[in-house]
Amino acid sequence: MAAAVSAAVSLPSTKFTSVQSKTSIASPERINFNKVPLYYNRNVTKVGPIRAQVTTEAPAKAEKISKKQEEGVIVNKYRPKEPYVGRCLLNTKITGDDAPGETWHMVFSTEGEVPYREGQSIGIIPDGIDKNGKPHKLRLYSIASSALGDFGDSKTVSLCVKRLIYTNDQGETIKGVCSNFLCDLKPGTEVKITGPVGKEMLMPKDPNATIIMLGTGTGIAPFRSFLWKMFFEKHDDYKFNGLGWLFLGVPTSSSLLYKEEFEKMKEKFPENFRLDFAVSREQNNAKGEKMYIQTRMAEYAEELWELLKKDNTYVYMCGLKGMEKGIDEIMLSLAARDGIDWLDYKKQLKRAEQWNVEVY
């Protein structure tokens with residue numbers, strides 16, 4: 001009999017709004033040489049050398065078996081010309097008033113018609129037209145909810161969006177079209193959705209894997225989806241028994257996204273979840289350097305390198321492009337000490353689906 005569990009999860013905001021979500025136990029998804037006979041004429045008494053006629057066939061390419069949860073994954077069910085039209089159910093600011101920029105958490109209805117997986121993205125087509133009088137083009141956003149959704153009924157999808165506002169060289173204030181459209185949405189408003197898309201960031205199948213998650217800002221989105229599945233939900237076909245290690249980098253403590261959720265996970269599963277924040281404008285390392293995500297990781301460099309040498313360790317990176325270079329700098333000398341070229345080794349990890357990157 002299907003059981004159900006409830007998880008009360010707070011979405012950090014100025015008022016720390018609480019969202020009560022029910023998470024159901026998910027039912028299991030779906031989850032050479034050919035011998036050629038030699039012939040000769042029995043009436044011939046003298047038989048000369050017989051040349052065997054052997055045919056060869058190119059060996060069939062072995063089908064690659066993915067280490068990720070790819071079975072049954074759907075992509076591009078909805079396209080720009082025929083998007084799914086959902087509705088905004090909830091939209092709340094999850095950064096403090098003194099944070100450098102606003103980030104909002106929003107939930108859209110899908111009625112189960114946009115079947116996505118943890119790690120995928122959806123496209124949003126903002127209302128209105130561009131300067132050429134044409135409909136706005138879609139923007140892709142990483143999904144911030146598990147496949148069950150924030151309400152546990154597989155009928156919603158959530159995003160984590162930072163409002164883009166900047167001043168150009170002419171001193172004009174420029175607002176990002178899609179981010180402002182999304183951050184300004186009121187409950188009940190229709191939203192045009194495309195996708196889902198992407199397989200790069202899908203979770204590993206192995207429930208005993210070590211999953212190292214590196215996120216900056218709204219790059220936390222796919223990791224929130226991972227972590228809800230790993231720690232807030234119960235599934236008939238998946239129980240996480242490995243190690244999840246999240247590194248989250250933000251400029252200020254008021255920009256820490258989903259902090260209460262992650263701390264609750266750490267409290268409930270101390271043996272399976274590690275959590276490290278890097279707050280660049282408020283923290284420094286022992287050398288007095290600003291605490292970026294790679295700076296925080298450097299404090300665990302030896303331990304991380306040992307984990308990276310195991311075939312059940314998976315690294316996922318989402319957010320600002322520059323952080324990958326910083327991580328390379330940490331690993332170069334450690335790998336060299338073991339006689340390993342880090343950049344070559346990283347390519348091997350990528351081929352083995354153990355190094356997964358989605359940066360912008």
Side-chain angles (χ1 to χ4, degrees), residues 12 94-101 103 160 162 166 210-224 226-227 243-263 265-267 270-310 313-350 354-360:
I94 55 173
T95 46
D97 292 336
D98 60 341
T103 299
C160 170
K162 183 175 182 178
Y166 66 94
T210 293
I211 305 177
I212 299 171
M213 296 157 280
L214 315 174
T216 55
T218 55
I220 192 61
F223 307 137
R224 181 179 186 264
F226 285 18
L227 292 165
L243 171 66
W245 192 349
L246 173 64
F247 290 87
L248 173 59
V250 294
T252 65
S253 54
S254 55
S255 332
L256 283 169
L257 307 177
Y258 310 112
K259 181 173 181 282
E260 280 91 351
E261 289 184 10
F262 300 144
E263 288 178 339
M265 293 173 188
K266 185 177 179 181
E267 179 184 341
E271 300 301 315
N272 301 95
F273 184 47
R274 293 176 65 172
L275 176 63
D276 280 281
F277 297 131
V279 185
S280 61
R281 298 185 190 177
E282 298 175 13
Q283 298 175 337
N284 300 92
N285 66 4
K287 298 177 182 177
E289 299 168 328
K290 286 188 175 183
M291 187 63 73
Y292 295 107
I293 191 168
Q294 59 268 29
T295 321
R296 180 66 76 194
M297 290 179 68
E299 297 180 346
Y300 303 97
E302 299 275 355
E303 186 177 359
L304 288 166
W305 172 236
E306 290 305 313
L307 288 172
L308 285 170
K309 289 190 280 188
K310 298 180 178 180
T313 295
Y314 296 79
V315 176
Y316 291 84
M317 190 180 308
C318 188
L320 297 175
K321 191 174 184 179
M323 69 173 158
E324 187 171 14
K325 182 181 178 183
I327 293 162
D328 286 341
E329 291 172 356
I330 297 170
M331 293 301 165
L332 278 167
S333 59
L334 287 171
R337 191 181 62 191
D338 288 345
I340 296 172
D341 182 299
W342 165 248
L343 297 180
D344 286 342
Y345 187 69
K346 189 169 73 168
K347 290 176 184 176
Q348 293 177 36
L349 292 175
K350 281 192 71 69
Q354 292 175 247
W355 189 270
N356 307 280
V357 179
E358 193 170 83
V359 293
Y360 43 82

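All of these numbers come straight from a predicted model, not from anything done at the bench.
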Any residue meeting salt bridge (charged side-chain N to carboxylate O under 4.0 Å, His left out) with [X], in chain and number order, not counting sequence neighbours:
| X | value |
| --- | --- |
| Glu263 | Lys259 |
| Lys290 | none |
| Lys346 | Glu324, Asp328 |
| Glu303 | Arg274 |

Calculate, to the nearest 0.5 Å, the distance between atoms [atom1] and [atom2] belonging to [X] and [Y] respectively.
| X | Y | atom1 | atom2 | result |
| --- | --- | --- | --- | --- |
| Leu343 | Leu332 | CG | CG | 5.5 Å |
| Arg224 | Thr218 | CZ | OG1 | 13.5 Å |
| Leu243 | Asn272 | CG | CG | 7.5 Å |
| Met291 | Gln294 | CE | CD | 10.5 Å |
| Ser254 | Ile94 | OG | CD1 | 12.0 Å |
| Ile330 | Glu299 | CD1 | CD | 10.0 Å |

Search all heavy atoms of Leu257 against all heavy atoms of Gly217 and return the closest pair with its distance. CD1-O, 3.5 Å
Heavy-atom closest contact (Cys160 atom, Ile220 atom, distance): SG-CG2, 4.3 Å
Is there a donor-acceptor pair under 3.5 Å between the side chain of [X] and the backbone N or O of [Y]?
| X | Y | answer |
| --- | --- | --- |
| Thr313 | Leu307 | yes |
| Gln354 | Lys310 | yes |
| Thr103 | Thr95 | no |
| Arg296 | Phe277 | yes |
| Asn285 | Lys287 | yes |

Could you give me the CA-CA distance, side-chain angles and deciding distance for Tyr258 and Leu248, then say whether side-chain contact (heavy atoms from CB on, under 4.5 Å) is met? CA-CA 10 Å; Tyr258 310 112; Leu248 173 59; over 6 Å; no
Under 4.5 Å between any side-chain heavy atoms of [X] and [Y], yes or no?
| X | Y | answer |
| --- | --- | --- |
| Met297 | Leu214 | yes |
| Asp338 | Lys309 | yes |
| Pro100 | Thr252 | yes |
| Leu227 | Phe273 | yes |
| Trp245 | Leu304 | yes |

Side-chain H-bond candidate by donor/acceptor type, Glu289 with Thr295, under 3.5 Å: no
Kindly say whether the aromatic ring centers of Tyr345 and Trp305 come within a distance under 6.0 Å. yes
Let me have the donor-acceptor pairs involving side chains of residues 314-323, under 3.5 Å, with sequence neighbours excluded, atom names and distances please.
{"residue": "Tyr316", "atom": "OH", "partner": "Leu202", "partner atom": "O", "Å": "2.6"}

Set of residues satisfying side-chain contact (heavy atoms from CB on, under 4.5 Å) with respect to Ser280, sequence neighbours excluded: Pro251, Tyr292
